[in-house]
There are 4 protein chains.
Amino acid sequence: MARQRNPQEEGQPAPLHEAEPEKRRAILHAALKVFAQRGYHGCRVADVASEAGVAYGLVYHYFRNKDELLESVFDEQWKIFIGAIRAISEGPGSAAEQIASVLRFALDVFRTAPAAVRVLILEVPRTPDVLRAGSTRQTFELVTRLVAEMVARGQREGDFRPELDPLVGAASVLGVLDMNLAGMVTGLLTAPQPSEEELERMKHQVVTAALGAVLAPGASRSGR
Amino acid sequence: MARQRNPQEEGQPAPLHEAEPEKRRAILHAALKVFAQRGYHGCRVADVASEAGVAYGLVYHYFRNKDELLESVFDEQWKIFIGAIRAISEGPGSAAEQIASVLRFALDVFRTAPAAVRVLILEVPRTPDVLRAGSTRQTFELVTRLVAEMVARGQREGDFRPELDPLVGAASVLGVLDMNLAGMVTGLLTAPQPSEEELERMKHQVVTAALGAVLAPGASRSGR
Amino acid sequence: MARQRNPQEEGQPAPLHEAEPEKRRAILHAALKVFAQRGYHGCRVADVASEAGVAYGLVYHYFRNKDELLESVFDEQWKIFIGAIRAISEGPGSAAEQIASVLRFALDVFRTAPAAVRVLILEVPRTPDVLRAGSTRQTFELVTRLVAEMVARGQREGDFRPELDPLVGAASVLGVLDMNLAGMVTGLLTAPQPSEEELERMKHQVVTAALGAVLAPGASRSGR
Amino acid sequence: MARQRNPQEEGQPAPLHEAEPEKRRAILHAALKVFAQRGYHGCRVADVASEAGVAYGLVYHYFRNKDELLESVFDEQWKIFIGAIRAISEGPGSAAEQIASVLRFALDVFRTAPAAVRVLILEVPRTPDVLRAGSTRQTFELVTRLVAEMVARGQREGDFRPELDPLVGAASVLGVLDMNLAGMVTGLLTAPQPSEEELERMKHQVVTAALGAVLAPGASRSGR
DNA sequence: TATGAATGAGAGTTCATTCAT
DNA sequence: CATGAATGAACTCTCATTCAT
């Protein structure tokens, strides 16, 4: 409509043709928020649309259906987490130190974006079979494998218990993280909006506990 | 159960007039199964009824609504788990040994009743707010507290790291258990129906990892 | 229950074999009450049974179904009202005086049994077609005809307007009664539980208004 | 939108963009009809939808639920009646003449829209508590009050019996109307589809009877 | 792109009625 | 007579998805 006025007289750069449309972003953002608040089944497409300040049907313009929308939310969040894991994994430091970094990163994100964490932690692994079988499951397996590789490296470095199955080690580390985050999200372990100090304390505690699950008894707890 | 005493020495068929109606049991049993297979939102009341071989309306004779039915399933399963934790907690052994027992018990149950575990592990903390706020949440908190008490005792006994927040310790132990069970349930860590040996191996690994999360570095790993 | 003690030592009259069973009465009574409170569609058979302190199925022992039960309630209440109209009609007094008596009787009953009146007034003429076509409709027509006969007689006696269709006259008299009772039942015209004086005042007002609808302009208002 | 300025100089079909959606109207219209035929509890939302030639869900697009739909039907019909009463009340004529006009209006509407009258007369005061407590009850009270004001004016004008409680007078006038309409609706007083003459005769009879309920004995029956 | 009216299958819940005991 | 567990049809309401504009 506005186009008819002055098509492109000024030769402005073509308005965002390549970039992700603004409204698509708004929908994704709204979906994350609504999803975190109400859970997978509690949120309706209409909620997402109105939260995004967008018309009902537009959601279906950008996403095939509700599942795909939410899977996109998942993937995007995980992508960030996986990116962090990969970056840390390729950086310096012992396996123990790297695992500690991963844990600290996750807890930091909780501070910044509790909604995202809530979605990742509470909703991801227990959503409908459509998702469970889809890319989300693969993503979850990928995270496990990435951590398992860190564990295996830690074993080679002599810090971690050698007889531990690296996958079990990874599951244990992530389990410690998950359950403590769940405790934070639900207010069981901290205030729902923990203070900076409270968060630091939790970081320390969670890192210690998680590393304890994999470290060899005598190893120096260097990841602290 | 009370039958064993000397109820009907004359060999009469136990009247069971007072006992829980047979069909109510059937419904609960069916609900557990269907729920485990399809998840909370994937299972319909009709599924439960037909799985139980019972008329639709009978479900509503015994349970106010779907939520209450599933909450009953939860509660019943948790009751068993909590009973075990309590029994172990009141029995002999160091805190580490007791925690190991709790973990082994949970893994044993997985062998016997994977459906029940699946429900407890995958569905519990992520169900509708009705439940999240209701007895299920309280039950979950209770479990955490029971384990936290064990952790605190282990600290007094000198085996566990003294600076660890017992609640974080409990969350960590349960997190290790949860995530590994989840890995088993989803087939990531073991075959969906693990063999006896596979299970034994997992028990050992999980116990070691979970205790590692709380044991003091130098402590003898007595819970093994 | 207490009966078991001394069954019939005193040679009491055989316990009500011919008479209406006690529980049948209880059910009818409960039905009237519940029906008055909640209306035809708001009351369930279960409500009636529990109000009567009687088992569910027993209702179906005495009544074919819900409709028949409620039709019985109607009929019984109307029978009382019709009986009164007949008695008055066959007694002494001018038509105007008799109509006044009928109105006063109805208002007196409201004092004693507001529930019954509520059922007759608010529920009767507007219930499902099953009833509308059944005996209730006939009963209602009968009442109208009985009053219409009084009106016709009043016309012959010279008190009532001669050009008035007696059926319209009856409908008008009953309409004045009905709407004022409705106003009392709903608390629009009086307190829900009117005092003796309030009731007397209403009687006077309603009688005057109702007779006004049928009396010839110059006639002495003898029905007062 | 800017288009509306000079809408159809060119003979374009009026756009009606702002107007009430056509289908909403269709639903309301269908609801009135179905409701009149089958009564509040006898009609299902599905009936209304199919009568309106509209998809099931659309009913819930425009109305929160069945109750709200039917309340809308009520309100709309009453609004017409109340509008007429107000217009008459603010117009010329004695109180008696005005009341006569109100009655004639109601009887005329019966000719045009018996369904509407049926709903207003037979269903209104006996619908679920939701409605009884809601706007419908208030509306009914409003009508009573409007008529009561007319009655009070008639008393000041010296035509109506001065000792009559205006509310009772209003209830009586409306009672006469209601019961006679009920008699017409149910076929007790006239043919279900009365002829023009039959209707005129009823108008005369009802007006005479209703005014008789409130007129002072000697007053000239000017409302005729 | 963008809108939101329109669709309709699906699920939960109620409750009159039956029936074995 | 009396009980209440058992049945299942009927109905309301939800919400993902489509489509005309």
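Naming convention: chains lettered A, B, ... in sequence-line order (proteins, then strands); numbering from 1 in each chain. The analysis underlying the following values was restricted to heavy atoms, covering all of them including side chains, and did not include hydrogens, waters or symmetry mates. In this text, all values refer to a predicted model and were calculated from it rather than measured experimentally.
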Nearest-nucleotide comparison on DNA chain F, the residue closer to the 5′ end among G57(A) and A55(C):
A55(C)
Mind calculating the distance between NE2 (H41(A)) and P (dT14(F)) to the nearest angstrom?
17 Å
Atom-pair distance (CZ on R25(D); P on dA5(E)), nearest Å
17 Å
Using a strict threshold of under 4.0 Å (side-chain N to carboxylate O), is an ion pair present between E71(C) and R64(C)?
no
Which nucleotide in the list dT12(F), dA16(E), dT13(E) gets nearest to the side chain of R44(C)?
dA16(E)
L70(A) and F35(A), any side-chain heavy atoms less than 4.5 Å apart:
yes
Separation of dG8(E) atom P from K23(D) atom NZ, nearest Å, is 10 Å
Without swapping roles, check the side chain of K66(D) against the backbone of C43(D) for a donor-acceptor pair under 3.5 Å.
yes
Given DNA chain F, 5'-ward residue of the pair V54(C) and V54(B), judged by closest heavy atom
V54(C)
What nucleic acid atoms does F63(C) come within less than 4.0 Å of, heavy atoms only: base, sugar-phosphate, or nothing?
nothing
dA6(F): pairing nucleotide in any strand, Watson-Crick or G-U under 3.5 angstrom
dT17(E)
Would you check if V45(A) and Y60(A) make a side-chain contact, meaning some heavy-atom pair closer than 4.5 Å?
yes
OP1 or OP2 of dT1(E) less than 4.0 angstrom from a side-chain nitrogen or oxygen of H61(A), does that happen here?
no
Between dA16(E), dA5(E), dT3(F), which nucleotide has the shortest distance from any of its atoms to the side chain of Y56(A)?
dA5(E)
What's the closest nucleotide to the side chain of K66(D) if the choices are dT12(F), dA2(E), dT18(E)?
dT12(F)
Just how far, in rounded Å, is P of dA5(E) from OH of Y60(A)?
16 Å
Given dG8(F), dA2(E), dT12(F), which nucleotide is nearest the side-chain atoms of V45(D)?
dT12(F)
